[in-house]
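Written below as structure tokens is the structure these notes are about.
The figures that follow rest on heavy atoms only: side chains count, while hydrogens, waters and symmetry mates do not. Predicted model only: the values in this text are computed from it and were never measured.
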Amino acid sequence: MVIVLGIIALILGAAITFSGGITGAARDQAAMAKIRELVAKVETYRMMAGRYPSEQQGLKSLVERPTSEPQPKKWKKQSNSVPIDPWGNEYVYKYPGTIDRATFEIRSAGEDQEMGTEDDLSSQEAE
């Protein structure tokens, strides 16, 4: 009986460890899907406003009409709230972007929740 319980514990331990890896990959995929969605919303904002939001206006400009310069020519609410990544942090909007300075970038700090580390996700590094 003890041997059987030991084997079951080993199987459960392996299953929990394995599913943790899947959950991490699923969170990365969900974050990249949200980043792609946000890219489309920022592009819609640009088409209506005539320019990208400033870095100070950020993704909040998708929720509330910006009151600071540059003022949008036309504005339409794109989102009900400032988006949160799967790890509970707000996505970061950069303009100009890190890689392509001619456009914007949307970033997530990733699983370690620290910006500037290996697990960061970026709209400019999307696959």
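- Taking CD1 from I99 and NZ from K94, the interatomic distance works out to 11.0 Å, rounded to the nearest 0.5 Å.
- Both L38 and M32 belong to a single network of hydrophobic side chains, linked directly or stepwise wherever heavy atoms of I, L, V, M, F, W or Y lie under 4.5 Å apart.
- The backbone N or O of S68 sits less than 3.5 Å from a side-chain atom of Q71, completing a donor-acceptor pair.
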- Task: Output, in order, the C-alpha distance, side-chain angles, deciding distance and verdict of side chain to side chain contact (heavy atoms under 4.5 Å, CB included) for M115 and V92.
- Result: CA-CA 9 Å; M115 202 57 80; V92 175; 3.4 Å; yes
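- Not a single side-chain hydrogen bond (donor to acceptor under 3.5 Å, both in side chains) links Q78 to another residue, sequence neighbours left out.
- Under the 3.5 Å distance criterion, with hydrogens and angles disregarded, no donor-acceptor pair is assigned to the side chains of E105 and S123.
- Every residue meeting the side-chain hydrogen bond (donor to acceptor under 3.5 Å, both in side chains) condition with T117, not counting sequence neighbours, appears here in chain and number order: D112, D119, D120.
- Between the CD1 atom in I106 and the OH atom in Y95 there is a gap of 13.0 Å [rounded to 0.5 Å].
- Contact annotation: the side chain of T98 never approaches that of S122 to less than 4.5 Å [non-hydrogen atoms, C-beta and beyond].
- Note on V82: it does not cluster hydrophobically with V39, by side-chain heavy-atom contacts below 4.5 Å among ILVMFWY residues.
- Using a 4.5 Å cut-off between side-chain heavy atoms of Ile, Leu, Val, Met, Phe, Trp and Tyr, with links allowed through other members, I84 and V42 fall into different hydrophobic clusters.
- Counting only distance, with no hydrogens or angles, the side chain of Q124 and the backbone of F104 share a donor-acceptor pair below 3.5 Å.
- Not a single donor-acceptor pair under 3.5 Å links the side chain of E64 to the backbone N or O of S61.
- Within a 6.0 Å sphere centred on NZ of K41, heavy atoms belonging to other residues, nucleotides or ligands number more than 12.
- At most 12 non-hydrogen atoms from other residues, nucleotides or ligands lie less than 6.0 angstrom from CZ of R51.
- Between atom CD of residue E111 and atom CG of residue D28 there is a gap of 7.0 Å, rounded to the nearest 0.5 Å.
- Between P53 and P66 there is no side-chain heavy-atom pair separated by less than 4.5 Å.
- Side-chain contact check for Y91 versus R107: every heavy-atom pair is 4.5 Å or farther apart.
- Counting heavy atoms from C-beta on, the side chains of Y45 and Q57 come closer than 4.5 Å.
- With W75 contributing its side chain and L62 its backbone, the two residues share no donor-acceptor pair below 3.5 Å.
- Counting only N and O atoms by type, the side chains of E43 and Y52 include a donor and acceptor under 3.5 Å apart.
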